[in-house]
Amino acid sequence: MDTYEQMIPLDVVEGFPVRPGMYDVNGATALNGAVNFTVHSKYASACELLLYRREEEEPYAVLKFPEHYKIGNVYSMIVFGLDITEFEYAYRLDGPWDPPKGLLFDKNHTLLDMYAKAVTGQSVWGEKKRADKNYHARVVKNNFDWGNTVQPLLPTSDLIIYELHVRGFTRHESSGVKHPGTFSGLMEKIPYLKELGITAVELMPIFEFDETMGERHVDGKHLLDYWGYNTVSFFAPNTSYTAAEEYNHEGTELKTLIRQLNANGIEVILDVVFNHTAEGNEEGPFISFKGFDNNIYYMLSPDGHYYNFSGCGNTMNCNHPVVQEMIVECLRYWTTAYRVDGFRFDLASILGRNEDGSPMKDPPLLQRLAFDPILGNVKLIAEAWDAGGLYQVGNFPAWNRWAEWNGRYRDDMRSFLKGDYWMAPEAAKRITGSPDLYREGYEGYNSSVNFLTCHDGFTLYDLYAYSEKHNLDNGWNNTDGSDNNLSWNCGAEGETENGEINRLRLRLMKNACAVLMCSRGTPMFLAGDEFGNTQYGNNNAYCQDNEISWLDWGFIEKNRELFEFFKRMIYFRKAHPAVRRDLEPAKCGFPRISVHTQKPWKSDISSDTKVLCVMYAGYNGEKGKDDIVYFAINVYWEEQEIVLPGLLEGWDWQLYACTGEEQPGGIWENMRMEPRSAAVWQAVER
C-alpha cells in the first residue's frame, strides 16, 4: 500500500465500513473519503467511538472498536464514508472504577479526544455550556496556505516581548477595530505594534478553555475565568476568539494572524499551561484525561487524591512517559501546523516534578523539549516557579536552552525604582544580565527575560498609583492577589488631581521603561503599559472581563508623552546592539559592560550608592565603529551630580533621552541629575 487512500474496508461496524487504523497517528485524521480515529488507554477494557450530527447531544452512531483493532494500549480504526463537515465525535471508555487507585472509568462518561484539533460546545464567549451538553471534537484538515511567509527567527537578544490578552487587547470600544476581542481584531492592530516597535507578542492562553467555569456575579458584575489558564484541550484553538465561525476550518483565523505578524517581523509566543487542566480535583468535571487514564495524567497521592502544586485543583504528571509524549506532540503540532515561534510555560517548575511531586534533578520532559529537533528554533521560556513553593529562578534545568521569566529582576528592580537606593548592588546585577543567576547550564543574559509587569500583578501605571491592592471587585474580600507588590503611590492612593504627583508618576514610568530597555537580557512588558493603562489597583484581574482588564486606547492621547517615550527607547535599544549583546571588543578599549557610580570607573556599588550607571561598549562591524552607550539612574529623592567617562579624541557624549527636564541633544561631560530621574547617552563622532 503506497497511500492510505488506497486502503479498502475489511470489516463492518454498525453499518460503517472500517479497517484497522494508523496506530502511530493520534487523534482524528481526515483521509480521502475516510477518517482515522486513534486513542490510547492503559487500563480501559473497551472503547467506543460516538458520532454526532452537528450540535446534537445524542449520537447517531456508536462504533465499538473491535478487539483486534487494539494493539498494545492503542485503539485505532479507519471509518469509511464520513464527511468531516457533517459530524462531531467523542469517546466512551469502560474499565475499572477504583478511586483509591486512581482508576475512574465509567462507560457513561462522554469523553473529549485529548488530541482533538477542534472542540465544539463553547464557541460563543461567556455563554455557558449546558450541564447536559458534553464537549465534542471536530476533524480539521491542515491545509492552510502559508505561501512564501518566512518566520523571523530572531535572535533572543533582539526580542522585545509584548504580553497581551487576545480578547482584552481590542474588546474596549476605544480600540476602534471591526472585530473587537478576536484574533482578527488583534490583526487590525499590527500597524500599531509596528509603530511601537516590539518584535514579539506573547499571547496569554489561546488553547480551548472554558471561561464560564466558576462564573460568579459580584456587585452586579459577571465574573468569568477571563485569563484562560484552565485548559480544556491542548491541541485546539479557542473558538470564542474568532470573528467568524470556522466549522472544520478551526485555526484559520489564528494562522492568518500568525502569518501576518511574521510577515511584519513580529514573532508569536504562546503562553501554554501544561501544569494542570480544567478537570480540577475530585469535585471537578470529567472532560477527557480523568476518563482515559486518570492515574497516568495526574499526580495522585497514595490514596488516589490529587496533588495540587498548581493551585488549581490538580497537577499534570508531566514526567510520566505517556504525558511527556503528549506534551511533545502538542508542541510539535503548534510549531508545524501554526508556525509558532516560541512558548512560555506557565508554572514550569511543575514540569520538573516527579510522579510523587518531588523535584527532579534532570527532568526528562524538560530535557526532551530542550533537544527536540522540531522545536530546535522555537524559544522555550519558563515561569520557573509553581504554587507548591518550588522557586527555581537561576536554578532551572535549562540545558543551555531554556530562558526564564526573571522574577528576581522584577522584584529587585521594583524596589530600586521606587526609591530603595540601598538595592543598588542588586540592581546592578539585574541591569547587566543577572550574571549571578545565569551561569553554568544557561545561555548567560540570553536566559533572562526581564520584566517589571505582566498579566499577574499591577500594571506599570498602577505600580506608581497604588501602594496596596484593590481587589474587592473579585469577590474575595481583597484576600486574593499578592500583598508584596513593591509599589508606591507617590503620595496619593489611586487617581488624583494633584499635578505634582501625576508628574512624578509619569517620571517613574519613564524611568522603568528606560531601565528595562537598557538592561541586558530580553525585555518584556504588559500591553498597555506604554500608554499608562490602569486596572484601578486590581493586581489579580483573572476574572474581570470588563473595563478593569480591557485596554482603554483613549489613554494613548491622555499619556501621549509616555507613549512617545516608549517608542523612543525601543528604537534606541534596536539601534544599539552593544546594549543587547556582546560585540567584538571596542577599539577604544572600554569593557563590554562596566558599572559606575556618580564618578566614572568607581565600581564600588554599595547600599549608599545614590546613582547607578552602566556603560555598554563594543565594536559594531556593520557600521565599522564603536557602539558606546551610557545609562544613569538616580532613584534618590534629591538632586545628584554625575560625571561621564572620558572618550577618545573626536568623540562626545550626546544625550539621547532624559526623564527629567533636560532636553535630548547637546554634548555632555557631566550632569546634575534631578531627583528620581534617568538619562541615556550615546557616544557620537564629531
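A donor-acceptor pair under 3.5 Å links the side-chain atoms of Ser301 to the main chain of His305, judged by distance alone. In this structure, the side chain of Asn308 engages the main chain of Gly313 through a donor-acceptor pair within 3.5 Å. Thr38 contributes a side-chain N or O that, together with a main-chain N or O of Val25, makes up a donor-acceptor pair within less than 3.5 Å. In this structure, Glu202 contributes its side chain and Val268 its backbone to no donor-acceptor pair below 3.5 Å. The closest donor-acceptor contact from the side chain of Ser349 to the backbone of Trp385 lies under 3.5 Å. Between the side chain of Tyr307 and the backbone N or O of Met316, no donor-acceptor pair lies under 3.5 Å. A side-chain donor-acceptor contact under 3.5 Å links Tyr23 to the backbone of Tyr69. No donor-acceptor pair closer than 3.5 Å links the side chain of Asn406 to the backbone N or O of Ser434. Checked by atom type and distance alone, the side chain of Ser41 pairs as donor or acceptor with a backbone atom of Phe292 at under 3.5 Å. A donor-acceptor pair is defined here as one N or O able to donate and one able to accept, closer than 3.5 Å; such a pair exists between the side chain of Thr242 and the backbone of Ala244.
For Glu211, the salt bridge (charged side-chain N to carboxylate O under 4.0 Å, His left out) criterion is met by no residue, not counting sequence neighbours. Applying the ring-ring contact (aromatic ring centres under 6.0 Å, His included) rule to Tyr135 yields no partners; only residues at least two apart in sequence or on another chain are considered. Applying the side chain to side chain contact (heavy atoms under 4.5 Å, CB included) rule to Asp480 yields the partners Asn471, Asn474, Trp476, Asn540, Tyr542; only residues at least two apart in sequence or on another chain are considered. For Asp372, the salt bridge (charged side-chain N to carboxylate O under 4.0 Å, His left out) test picks out Arg332, with sequence neighbours left out. In this structure Phe16 satisfies the ring-ring contact (aromatic ring centres under 6.0 Å, His included) test with no other residue, sequence neighbours excluded. For His320, there are no ring-ring contact (aromatic ring centres under 6.0 Å, His included) partners two or more places apart in sequence or in a different chain. Scored by the side chain to side chain donor-acceptor pair (under 3.5 Å) test, Glu58 finds no partners at all (sequence neighbours excluded). Residues forming a salt bridge (charged side-chain N to carboxylate O under 4.0 Å, His left out) with Asp386 (at least two apart in sequence, or on another chain): Arg353. In terms of the ring-ring contact (aromatic ring centres under 6.0 Å, His included) criterion, residue partners of Trp334 (sequence neighbours excluded) are, by chain and number, Phe207, Tyr338. Residues satisfying the salt bridge (charged side-chain N to carboxylate O under 4.0 Å, His left out) criterion with Arg138, sequence neighbours excluded, are Glu88, Glu250.
Of the inter-residue distances, the one linking Lys255 atom NZ with Glu246 atom CD reads 9.5 Å to the nearest 0.5 angstrom. Taking CE of Met524 as the start and CD1 of Ile269 as the end, the distance is 9.5 Å to the nearest 0.5 Å. How far CG of Asp98 is from CG of Leu103: 5.5 Å, rounded to the nearest 0.5 Å. Remark: Asn319 CG to Leu351 CG distance equals 7.5 Å, nearest 0.5 Å. Asp94 CG to Lys107 NZ: the interatomic distance, rounded to the nearest 0.5 Å, is 5.5 Å. Taken to the nearest 0.5 Å, the CG atom of Leu300 stands 5.5 Å off from the CG atom of Asn294.
Shown here for Ala370 and Trp402, the closest heavy-atom pair between the two residues is CB-NE1, 3.9 Å. Looking at every heavy atom in both residues, Thr252 comes nearest to Phe144 through O-CE1, 3.9 Å. Nearest heavy-atom pair across Pro66 and Val13 is CG-CG2, 4.0 Å. The two residues Phe87 and Val35 have their closest heavy-atom pair at CZ-CG2, 4.1 Å. Of all non-hydrogen atoms in Met299 and Gly357, the two that sit nearest each other are SD-CA, 3.9 Å. What you find for Asn36 and Ser76 is that their closest heavy atoms are OD1-OG, 3.6 Å.
Taking the six-membered ring where the residue is Trp, Tyr115 and Phe235 present tilted rings, their angle falling between 30° and 60°.
Residue-environment remark: NZ (Lys42) stays at or below the threshold of 12 foreign heavy atoms within 6.0 Å.
Side-chain polar atoms of Asn262 and Asp341 form a donor-acceptor pair below 3.5 angstrom.
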Going through the distances and angles, do Thr256 and Phe183 end up as a side-chain contact (heavy atoms from CB on, under 4.5 Å)?
-> CA-CA 9 Å; Thr256 304; Phe183 295 128; over 6 Å; no
Trp125 and Asp545: CA distance, side-chain angles, deciding distance, side chain to side chain donor-acceptor pair (under 3.5 Å) verdict = CA-CA 10 Å; Trp125 176 271; Asp545 178 37; 2.8 Å; yes
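Separation of the Tyr226 and His165 ring centroids falls under the 6.0 Å cut-off. Ring centroid separation for the pair Phe209 and Trp227 does not come in under the 6.0 Å cut-off. The distance between the ring centers of Phe105 and Trp97 does not fall below 6.0 angstrom. Taking the six-membered ring for Trp and the full ring otherwise, Tyr89 and Phe37 have centroids separated by under 6.0 Å.
The only option from Glu383, Glu163, Glu267 that meets the salt bridge (charged side-chain N to carboxylate O under 4.0 Å, His left out) definition with Arg344 turns out to be Glu383.
You'll find the side chain of Ser123 stays beyond 4.5 Å of the side chain of Ser240, heavy atoms only.
Identified under the salt bridge (Lys or Arg N to Asp or Glu O under 4.0 Å) test for residues 396-406, with sequence neighbours left out: none.
Under a cutoff of 6.0 Å and an axis angle of 45°, Arg410 and Phe451 do not form a cation-pi pair. In this structure, Arg54 satisfies the cation-pi test against Tyr247, with its NZ or CZ atom closer than 6.0 Å to the six-membered ring centre and inside 45 degrees of the ring normal. In this structure, Lys379 is not positioned above the aromatic face of Phe343 in the sense of NZ or CZ being under 6.0 Å from the six-membered ring centre and within 45° of the axis.
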For residues 274-287, run the donor-acceptor check on the side chains, cut-off 3.5 Å, and write out each pair with its distance to 0.1 Å, sequence neighbours left out.
unit_1, atom_1, unit_2, atom_2, d
Asn275, ND2, Asp346, O, 2.8
Asn275, ND2, Asp346, OD2, 3.0
His276, NE2, Tyr229, O, 2.8
His276, NE2, Asn230, OD1, 2.8
Thr277, OG1, Glu279, N, 3.1
Thr277, OG1, Tyr298, OH, 2.6
Glu279, OE1, Phe289, N, 3.3
Glu279, OE1, Lys290, N, 3.0
Glu279, OE1, Tyr298, OH, 2.3
Glu279, OE2, Ile287, N, 2.7
Glu279, OE2, Ser288, N, 2.8
Glu279, OE2, Phe289, N, 3.4
Glu279, OE2, Lys290, N, 3.3
Asn281, OD1, Glu283, N, 2.9
Glu282, OE2, Tyr306, N, 3.2

